[in-house]
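One structure is given below, encoded as structure tokens.
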Amino acid sequence: MSTVGAVQGVRVLDLSRVLAGPFCAQMLADHGAEVIKVEFPSGDETRRWGPPFVDEAATMSAYYQGLNRSKANLALDLRVEGARNVLYDLIAQADVVVENFKPGTMERWGFGYEARLAEQFPRLVYCRVTGYGADGPLGGLPGYDAVLQAYGGLMSVNGEPDGEPLRVGVPIVDITAAHQAFAGVLLALLERTRSGRGQLVDVTLFDAVLSIMHPHTATYLQSGEVGRRTGAAHPTVAPYQVFRTAEQGRLFVAAASDAQFAALTGVLGIPRLAADPRFRRNRDRMVHLPELLAELEPAFLAREADDLTRALAARGVPAGPVHDVEGALSSPHARHRSMVVQDGSYHGIGVPIKLSRSAPTPPRAPAATGADTDLVLAELGYSAEDITALHQSGALGPAETAAG
């Protein structure tokens with residue numbers, strides 16, 4: 001396997017904060033891109049989203065650490081003209097810009113993509129991540145993951161049938177937007193090899209949440225039926241849910257086909273159910289779901305989760321124990337897939353996209369705010385005198401924030 005990342009040589013300027021933008025830029029860094037993260041001297045606010053923190057001074061939270069590895073870090077106070085001049089020089093050398101400022105912010109600073117950057121830097125790929133987009137009825141409004149889960153319908157289908165709408169336990173809309181931004185940047189870079197021109201990659205949290213609402217959106221568009229909460233169960237497939245097992249265990253079983261259902265009943269010692277007209281086909285099982293569960297649940301309670309998992313796997317029935325985070329990360333398969341990585345005291349989630357010839361970049365722990373400011377400026381061609389003048393002007397924030 002090559003040690004060269006798939007996008008080595010691509011220069012990325014990460015002007016984003018919080019989650020979607022930084023995660024997109026981190027994924028590009030994982031695959032070899034040179035990423036420079038620009039933060040205000042006070043730092044990305046997620047540095048303070050703790051505990052837990054990774055240092056005694058509480059300057060870097062675990063939350064921030066999980067989204068910002070393998071990036072150089074430059075502190076700029078973009079309210080100062082000198083800092084905006086530096087930003088221009090950074091953009092001039094970038095292949096990709098990722099930003100998630102409130103719409104209109106870059107324009108206010110004189111860096112609007114349509115108004116200026118597209119003309120001056122025609123090869124630039126400019127990725128804009130916003131809540132709702134720059135225009136339209138909700139254009140310009142800030143976006144927050146939980147609000148989009150609510151507005152986009154996701155909360156309405158998440159939770160127990162007799163409970164309240166429930167937020168998904170991870171910021172899934174932001175994470176989805178990050179992956180879509182990553183894909184959009186790669187698409188634009190690929191298209192640039194043919195046209196020689198960059199373009200705008202426009203990603204919104206609103207689009208992201210609607211894009212992951214399958215099968216509820218498909219069902220509504222076909223039948224007009226509005227999705228409902230089904231807990232851990234599938235809305236259209238049965239049995240496809242969590243079952244309690246012996247010793248307080250829990251097992252998720254996904255018997256998505258009639259053949260898998262027949263195999264499940266065989267493992268549970270109740271093969272007669274597969275021949276029962278009420279349960280023979282999936283549509284029958286959905287109609288008679290309460291009766292089906294009344295038959296299945298006692299059989300699951302008589303078996304231990306681990307033994308049942310192995311027996312079902314041998315018969316081709318998808319099933320797995322319900323792990324907590326510790327159980328998932330410490331599982332032998334997580335180690336086998338290199339899904340936990342480290343750099344000294346830094347530990348992070350591994351790279352999920354494996355390529356046969358292009359290895360991911362070894363992870364580097366996230367840098368302190370402004371840790372690479374002087375080095376980045378020197379590489380841009382700034383003299384020592386220029387850098388000192390920028391420090392004195394306040395463009396780089398207090399001198400102690402730029403450790404060099």
Side-chain angles (χ1 to χ4, degrees), residues 14-28 37-40 42-53 58-69 71 78-79 97-109 113 126-159 163-185 200-214 216-217 227 229 325 349 366 369:
D14 179 9
L15 303 180
S16 64
R17 36 178 275 283
V18 188
L19 200 163
F23 192 18
C24 167
Q26 177 176 283
M27 287 188 279
L28 292 166
K37 181 177 176 69
V38 173
E39 296 184 36
F40 273 81
S42 59
D44 185 322
E45 59 259 49
T46 60
R47 286 182 179 273
R48 298 177 289 279
W49 284 13
F53 294 96
T59 61
M60 187 184 297
S61 67
Y63 192 107
Y64 177 93
Q65 181 179 244
L67 301 167
N68 290 285
R69 67 180 175 221
K71 305 175 185 180
L78 293 171
R79 297 168 298 184
V97 170
V98 179
E99 60 99 343
N100 61 356
F101 294 116
K102 185 177 179 180
T105 300
M106 289 291 280
E107 286 77 7
R108 189 170 67 252
W109 288 331
Y113 176 74
Y126 189 95
C127 180
R128 176 190 296 151
V129 183
T130 60
Y132 301 88
D135 51 22
L138 301 178
L141 290 180
Y144 296 89
D145 182 274
V147 175
L148 268 298
Q149 287 195 35
Y151 192 88
L154 182 55
M155 281 191 193
S156 76
V157 297
N158 191 52
E164 291 293 317
L166 192 65
R167 181 182 70 85
V168 175
V170 297
I172 191 65
V173 180
D174 273 322
I175 291 170
T176 299
H179 282 274
Q180 292 172 347
F182 174 69
V185 166
L200 174 66
V201 178
D202 181 15
V203 174
T204 75
L205 303 189
F206 177 75
D207 295 351
V209 67
L210 291 183
S211 75
I212 60 173
M213 287 294 291
H214 185 84
H216 301 287
T217 46
R229 292 185 294 283
V325 175
I349 294 299
T369 305

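In this chain, numbering begins with 1 at the start of the sequence shown.
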Discussion item. How close do G43 and T369 get, counting heavy atoms only, and between which atoms?
Written reply: CA-OG1, 3.9 Å
Worksheet item: Atom CZ of F23 and atom CD1 of I175: how far apart are they, to the nearest 0.5 Å?
Response: 6.5 Å
Fill in: Residue pair Y113 / E107: nearest heavy atoms and the distance that separates them
N-OE2, 4.4 Å
Discussion item. Testing the basics here: between V173 and Q149, what is the closest heavy-atom pair and its distance to 0.1 Å?
Written reply: CG2-CG, 3.7 Å
Worksheet item: What is the minimum heavy-atom distance between P171 and L19, and which atoms define it?
Response: CG-CD1, 3.4 Å
Worksheet item: Can you tell me if S16 uses its side chain to pair, donor with acceptor, with the backbone of N100 under 3.5 Å?
Response: no
Discussion item. In the structure I gave you, are the side-chain heavy atoms of E39 and R17 within less than 4.5 Å of one another anywhere?
Written reply: no
Discussion item. Run the side-chain contact (heavy atoms from CB on, under 4.5 Å) test on N158 and R167 for me, step by step, so that the C-alpha distance in whole Å, both residues' side-chain angles and the decisive distance to 0.1 Å come before the verdict.
Written reply: CA-CA 7 Å; N158 191 52; R167 181 182 70 85; 5.9 Å; no
Discussion item. side-chain contact (heavy atoms from CB on, under 4.5 Å), that's the test. Do Y132 and T204 meet it? Break it down for me.
Written reply: CA-CA 5 Å; Y132 301 88; T204 75; 5.7 Å; no
Item to complete: Could you tell me whether the side chain of T176 reaches within less than 4.5 Å of the side chain of H179, counting heavy atoms only?
Response: no
Worksheet item: Quick one: does L28's side chain get under 4.5 Å of V185's, heavy atoms only?
Response: yes
Response to the item:
To the nearest 0.5 Å, atom CG of L148 lies from atom CE of M155 at 10.0 Å
Discussion item. Could you report the tightest heavy-atom contact between K37 and D44, atom names first, then the distance?
Written reply: NZ-OD2, 3.5 Å
Worksheet, complete the sentence: Correct closest heavy-atom pair for A20 and A177 would be CB-CB, 4.2 Å
Worksheet item: Step by step, would you call D145 with L205 a side-chain contact (heavy atoms from CB on, under 4.5 Å)?
Response: CA-CA 7 Å; D145 182 274; L205 303 189; 5.6 Å; no
Discussion item. Quick one: does any side-chain atom of S61 pair with a main-chain N or O of Y64 as donor and acceptor, under 3.5 Å?
Written reply: yes
Discussion item. Please check if the number of heavy atoms outside Y144 that lie under 6.0 Å from its OH is greater than 12.
Written reply: no
Worksheet item: What's the verdict on side-chain contact (heavy atoms from CB on, under 4.5 Å) for Y151 and V209, showing C-alpha distance, side-chain angles and the deciding distance?
Response: CA-CA 9 Å; Y151 192 88; V209 67; over 6 Å; no
Practice prompt. Starting at CG of D135, measure out to OG1 of T130 and round the result to the nearest 0.5 Å.
Written response: 9.0 Å
Response to the item:
So CD1 of I212 and CD1 of I172: to nearest 0.5 Å the spacing works out to 5.0 Å
Item to complete: Could you grab the distance from atom CZ of F182 to atom CD of Q26, nearest 0.5 Å is fine?
Response: 11.0 Å
Discussion item. Less than 4.5 Å apart, side chain to side chain, heavy atoms only: is that true for P22 and K71?
Written reply: yes
Response to the item:
Between the CE atom in M60 and the CG atom in N68, the distance rounded to the nearest 0.5 Å is 8.0 Å
Practice prompt. Report yes if some heavy atom in the side chain of M106 is under 4.5 Å from a heavy atom in the side chain of L15; otherwise report no.
Written response: yes
Fill in: Heavy-atom side-chain proximity of R229 to L166 below 4.5 angstrom
no
